Number of protein chains: 2
Amino acid sequence: MPRKVDHRERRTQIADALMRVAAEHGLEAVSLRHVAAEAGVSAGMVQHYFRTKDEMMTFALDVVRVRSEVRVGAAVQALGPDPAPRRLVRALMTTLLPLDEESRADGRVALAFLSYTAVRPATAPALREGTTQMVGFIAGLLPGGDEVGAAGLLALMEGLGMYLLGGQYTEEQALRVLDAQLDLLFR
Amino acid sequence: MPRKVDHRERRTQIADALMRVAAEHGLEAVSLRHVAAEAGVSAGMVQHYFRTKDEMMTFALDVVRVRSEVRVGAAVQALGPDPAPRRLVRALMTTLLPLDEESRADGRVALAFLSYTAVRPATAPALREGTTQMVGFIAGLLPGGDEVGAAGLLALMEGLGMYLLGGQYTEEQALRVLDAQLDLLFR
DNA sequence: TCCTTTGCAATGCGACTGTATTGCAACGAC
DNA sequence: GTCGTTGCAATACAGTCGCATTGCAAAGGA
């Protein structure tokens, strides 16, 4: 085996460049050449690591997903052992919300991907499973295992995220809304 | 003035074709030629009515907005005079939610436009104003003029819409979540 | 009747797209 | 050493993009 290169790492580097392009110029600006330029590599190399553009998109989408999961895990970890349910739920929500500029960029990418996958139903199942899992987890933290409340909270968070990205709500407004909802759920 | 043609109507026809293309193949498939083909007209004609693609997009976006406003108005009208606040709010929410296939298509288009405008901040103010207005209106219907509750309800609705489009929630689930939230707000 | 304005079709242009192909340097196995 | 595999660059190609230009038919006003 000649010339050892960490395949996954290269792919991730390229995916990162893709996300930078998408966050700044929208997903429709994502092309092999743009991504290659952003990554500082040749277009041929991008082609070497992703046989098709769609493969690259799918991989990038997965990177976003994993990265978000990691963030959530870290946030939970940071709370220490046996955190109060409300604090835990709030940490989950604020972690997923696009509150700083970095996660705003991620959010824009995720949003772009969402309408991208709306036409390609292939990736829908994974998405669905993730949400169901999240609802179940949150429900376990709510008084009475409130599944409907958990689903509502998640939807509310998602909507807040959209309004944050769109600039309709400020961060303070969003957090106020979130806390009000937690007041209702943990009453 | 020769050959009188209803300019606005033609533009709306073209915008309709655009939305059909966008709903079915995504916004990145929207091109002058595709839209023209979908509308059953020549590409030259599309160019005749919209000097640039961006002008066409902007117009279509506006059509979506107006159409949604009309739908809301009709739903309110249908409730008759002096409807109970909760019924009115619920009608507003269910009208905006993508519950049937037609409004699902609209929702997909709106979602695509959202990430489209995320990069073009020009249209943001109009969006912001619409949301603020809606929050104010709903707050007036909630007990105590609850502004935060109204903002939360709107965000929840938006999130439900996304999950409906993504297939994560079924219609029944979404409606259950909505009604539970109304229970909390009108308690 | 001519003439100007308008509606619309057709074509061309340069830029850009995704992908296939080709070539070559670098390295490990033998 | 040599051989084959791999990493990567460069180029070619057919197609599509948005947009500009041109031409012409139709319809009032003069």
Side-chain angles (χ1 to χ4, degrees), chain A residues 1-22 24-61 109 112-113 115-117 119-120 122-123, chain B residues 1-22 24-61 109 112-113 115-117 119-120 122-123:
Chain A
M1 264 165 270
R3 201 107 67 109
K4 49 177 281 185
V5 181
D6 189 332
H7 223 75
R8 178 174 310 259
E9 190 190 316
R10 283 268 203 240
R11 286 164 75 98
T12 305
Q13 281 177 8
I14 296 174
D16 279 336
L18 186 157
M19 291 188 284
R20 265 176 276 142
V21 172
E24 197 165 351
H25 302 100
L27 206 61
E28 76 276 8
V30 170
S31 73
L32 296 186
R33 288 161 178 82
H34 276 164
V35 171
E38 175 70 34
V41 301
S42 76
M45 173 156 154
V46 173
Q47 257 192 118
H48 180 70
Y49 284 99
F50 299 102
R51 283 179 310 185
T52 69
K53 180 186 176 180
D54 215 75
E55 190 181 315
M56 179 175 69
M57 300 289 257
T58 304
F59 183 85
L61 179 55
V109 174
F113 268 121
S115 57
Y116 179 79
T117 56
V119 184
R120 286 160 200 73
T123 55
Chain B
M1 264 166 267
R3 197 104 71 109
K4 48 177 285 186
V5 181
D6 189 333
H7 224 75
R8 178 173 310 260
E9 189 189 316
R10 284 266 204 240
R11 285 164 74 98
T12 306
Q13 282 176 6
I14 295 174
D16 279 339
L18 186 158
M19 292 188 284
R20 263 177 278 139
V21 172
E24 197 165 349
H25 303 98
L27 206 61
E28 76 276 8
V30 170
S31 73
L32 297 186
R33 291 163 177 81
H34 277 163
V35 171
E38 175 70 35
V41 301
S42 77
M45 174 158 154
V46 173
Q47 259 192 119
H48 180 71
Y49 285 100
F50 298 102
R51 282 179 311 183
T52 68
K53 181 186 176 180
D54 215 74
E55 190 181 314
M56 179 175 70
M57 299 289 258
T58 305
F59 183 84
L61 179 56
V109 175
F113 268 121
S115 57
Y116 179 79
T117 56
V119 183
R120 285 158 202 74
T123 55

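Everything quoted here is computed from the prediction, not taken from an experiment. Reminder, nothing fancy here: chain letters follow the sequence lines and each chain counts from 1.
- Residues meeting the ring pair (Phe, Tyr, Trp, His ring centres under 6.0 Å) test with Phe113(B), sequence neighbours left out: none.
- Listed in residue order, the members of residues 7-19 of chain A having a heavy atom less than 4.0 Å from DNA chain C come to none.
- A 6.0 Å sphere centred on CD of Glu55(A) holds more than 12 heavy atoms belonging to other residues, nucleotides or ligands.
- With sequence neighbours excluded, the residues satisfying side-chain hydrogen bond (donor to acceptor under 3.5 Å, both in side chains) with Glu28(B) are Arg120(A).
- Side-chain atoms of His34(B) come within 3.5 Å of backbone N or O of Ala29(B) as a donor-acceptor pair.
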For residues 10-19 of chain A, which side-chain N or O atoms pair as donor and acceptor with protein atoms under 3.5 Å away, sequence neighbours left out?
unit_1: Arg11(A); atom_1: NH1; unit_2: Tyr49(A); atom_2: O; d: 2.8
unit_1: Thr12(A); atom_1: OG1; unit_2: Arg8(A); atom_2: O; d: 2.7
unit_1: Gln13(A); atom_1: NE2; unit_2: Glu9(A); atom_2: OE2; d: 3.4
unit_1: Asp16(A); atom_1: OD1; unit_2: Arg67(A); atom_2: NH1; d: 3.3
unit_1: Asp16(A); atom_1: OD1; unit_2: Arg67(A); atom_2: NH2; d: 3.0

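- Atom CE in Met45(A) sits roughly 8 Å away from atom C1' in dC8(D) (whole-Å rounding).
- Leu27(B) is listed as a side-chain neighbour of Met57(B), based on a closest heavy-atom distance under 4.5 Å.
- Atom pair Asp6(A):CG and dC8(D):P shows a separation of 11 Å (rounding to whole Å applied).
- Scanning all heavy atoms of the two residues, the minimum distance from Ser115(A) to Ala112(A) falls at OG-O, 3.1 Å.
- Among the heavy atoms of the strands lying under 4.0 Å from Val30(A) are primed sugar atoms or P, OP1, OP2 only; no base atom is included.
- By the side chain to side chain contact (heavy atoms under 4.5 Å, CB included) test, Leu32(B) pairs with Val46(B), Gln47(B), Lys53(B), Met56(B), sequence neighbours left out.
- Looking at residues two or more places apart in sequence or on another chain, you find a side chain to side chain contact (heavy atoms under 4.5 Å, CB included) between Ser42(A) and Met45(A).
- For the segment residues 46-56 of chain A, the set of residues with a heavy atom within less than 4.0 Å of an atom of DNA chain C comprises Gln47(A), Thr52(A), Lys53(A), in numerical order.
- The nearest whole Å value for the distance from the NE2 atom in His25(B) to the P atom in dC17(D) is 12 Å.
- The distance from atom CD of Glu28(B) to atom P of dG18(D) is 12 Å, rounded to the nearest whole Å.
- Glu38(B) pairs by the side-chain hydrogen bond (donor to acceptor under 3.5 Å, both in side chains) definition with Arg20(B), not counting sequence neighbours.
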Protein-nucleotides 13-16 of chain C N/O pairs closer than 3.5 Å?
none

